[in-house]
Amino acid sequence: MPQIDDKLAPIYEQVVRRNAGEPEFHQAVREVLESLGRVVAKRPDYLEDALIERLCEPERQIIFRVPWTDDKGQVQINRGFRVQFSSAMGPYKGGLRFHPSVNVGIIKFLGFEQIFKNALTGLPIGGGKGGSDFDPKGRSDGEVMRFCQSFMTELYRHLGEYTDVPAGDIGVGGREIGYMFGQYKRLTNRYEAGVLTGKGLFYGGSLARTEATGYGNTYFTRAMLQTGGEDFDGKTTVVSGSGNVAIYTIEKVQSYGGKVIACSDSSGYIVDENGLDLDLIKEIKEVRRGRIGEYVRLKGQGYFVKSGEGSIWDVPCQVAMPSATQNELTGKDAAKLVKNGVQAVGEGANMPSTPEAIRTFQQAGVKFGPGKAANAGGVATSALEMQQNASRDRWSFEQTEARLATIMRDIHDSCYETAEEFGAPGDYVIGANIAGFIRVAEPMRAFGVI
Ligand code: GLU
């Protein structure tokens, strides 16, 4: 296992001690601290004024009760969270996740990752994350609306276009953002378009925001392939998940001639060796809100493997794009992928590969793009949405997508060059962590001890 530098080890120990029972948060911090030894060796001044300790402690953590009434008239109680992690670069920015697995440790890991991701975009956004243990699965539109309204009734006082700007994540898409924006507008009596991103196109949303995370990961992964003179053309690709990130990853990979043969949801995975029919997947997931196994019945080809009876990473491929959730790709999965000849891995989800998996890929020379760099296209385009809202303007799809493509190329190049500069050529994990850290550390130093 990569080691944490002696000077940084006490910081990690303190994070573990003060945040008991939050393993995902420890994992995210550990991965960054493992990279920072190389920085403090060159720049010991970053150890001054407990700068790194401060970066590991959220500026503010909000936990609140969310009561709402279901369709049967029963009162339900969920827990809401917003972790405002770092405002060194700009207003807190990051999504809201609605999923039964959400707890404070999950939100903290996501918020911590978001700081570096957002810094890598080169745009002025700080890091935050929020959500709830509410499970939207099987809930009616009315139930989702009442939940979102109750959630926003508490959260609105902590938000603002200059303060904190949430967006979507797992379980939060256009429908939920619409309900939350409506309630924010009603409570504040302000049409403050820039307070949320991922909005609908009729009320201040940005073209290309929906596609941005998947497209962005595809640009990033393509840039990694191109460093070895390769491209997606003809490459067999597996994309886990079938939500917003996965769908637009599949779309873009297919446009570059890649053959995407498998995707998944929490019920299992499907394989179609002829290449996935994306229109059918969109119909199943976005219109019917159904299960992925329906693909096989409706298409009359391919096969479905139930979750627990196999891993999507058993499917041989040259490019793997995990786009479901954290720690979905284990060391064992990585060993299988390597054995089957995988060449590149681009993380569409946040922290989908376990530390063992990352190590396995890197030791085998697989090009590995960590989520905080590879999936930054979503939040980058959120920042472009904020720009459009601030200037009361609206850009074309082409203009917005072109900005996204440039941003992803710049993120790739800055990770690549930073890794070289710090003696770890080809290591995008080290490149992303160090490049992101330096961008946040500089304003923190300028601001003094706050
Ligand atoms: N939830 C997304 C992420 O993980 C997007 C956040 C945003 O657009 O603010 O980066």
Side-chain angles (χ1 to χ4, degrees), residues 24 28 81-87 89-99 102 106-121 123-132 155 159-161 163-174 176-177 180-181 193-200 204-217 220 241 243-249 322-326 328 346-352 369-389 400 403-404 407-408 411 432 436:
E24 293 85 2
F81 303 90
R82 187 72 182 166
V83 173
Q84 299 180 329
F85 224 119
S86 168
S87 59
M89 294 287 297
Y92 308 108
K93 182 82 197 88
L96 298 169
R97 176 177 292 191
F98 292 169
H99 192 270
V102 163
I106 297 276
I107 299 299
K108 265 197 237 168
F109 116 66
L110 290 163
F112 186 73
E113 291 267 302
Q114 201 83 41
I115 304 171
F116 303 91
K117 183 196 309 198
N118 294 5
L120 284 170
T121 67
L123 298 165
I125 40 178
K129 202 88 186 190
S132 173
L155 189 62
L159 306 183
E161 64 176 315
T163 308
D164 186 351
V165 182
D169 195 82
I170 294 172
V172 178
E176 292 75 17
I177 295 291
M180 288 190 276
F181 184 73
V195 74
L196 285 170
T197 61
K199 297 184 294 296
S206 174
L207 287 159
R209 174 63 189 89
T210 307
E211 293 81 356
T213 313
Y215 280 20
N217 186 21
F220 189 95
N244 166 269
V245 179
I247 283 176
Y248 293 99
T249 303
S323 308
T325 195
Q326 67 272 359
E328 56 161 303
E347 291 191 322
N350 291 312
M351 210 169 76
K372 63 168 80 72
N375 76 33
V379 76
T381 309
S382 278
L384 302 182
E385 184 172 330
M386 291 163 74
Q387 281 185 36
Q388 292 170 72
N389 295 150
T400 317
R403 285 282 310 265
L404 168 65
I407 291 167
M408 294 314 297
I411 295 175

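Atoms within a ligand are numbered from 1 in the order they appear, just like the ligands themselves.
- A donor-acceptor distance shorter than 3.5 angstrom exists from the side chain of K199 to the backbone of A193, with no hydrogens or angles considered.
- A side-chain donor from one of Q84 and D164 sits under 3.5 Å from a side-chain acceptor of the other.
- Closer than 4.0 angstrom to ligand 1 lie heavy atoms from K93, G94, G95, Q114, K117, K129, A167, G168, D169, R209, N350, G378, V379, S382.
- Side-chain contact between L96 and E176 is absent, with no heavy-atom pair separated by less than 4.5 Å.
- In plain terms, the two heavy atoms of A28 and F112 that are nearest each other are O-CE2, 3.6 Å.
- Put simply, the side chain of R209 gets close to the backbone of G378: a donor and an acceptor are under 3.5 Å apart.
- Counting only distance, with no hydrogens or angles, the side chain of N217 and the backbone of N375 share no donor-acceptor pair below 3.5 Å.
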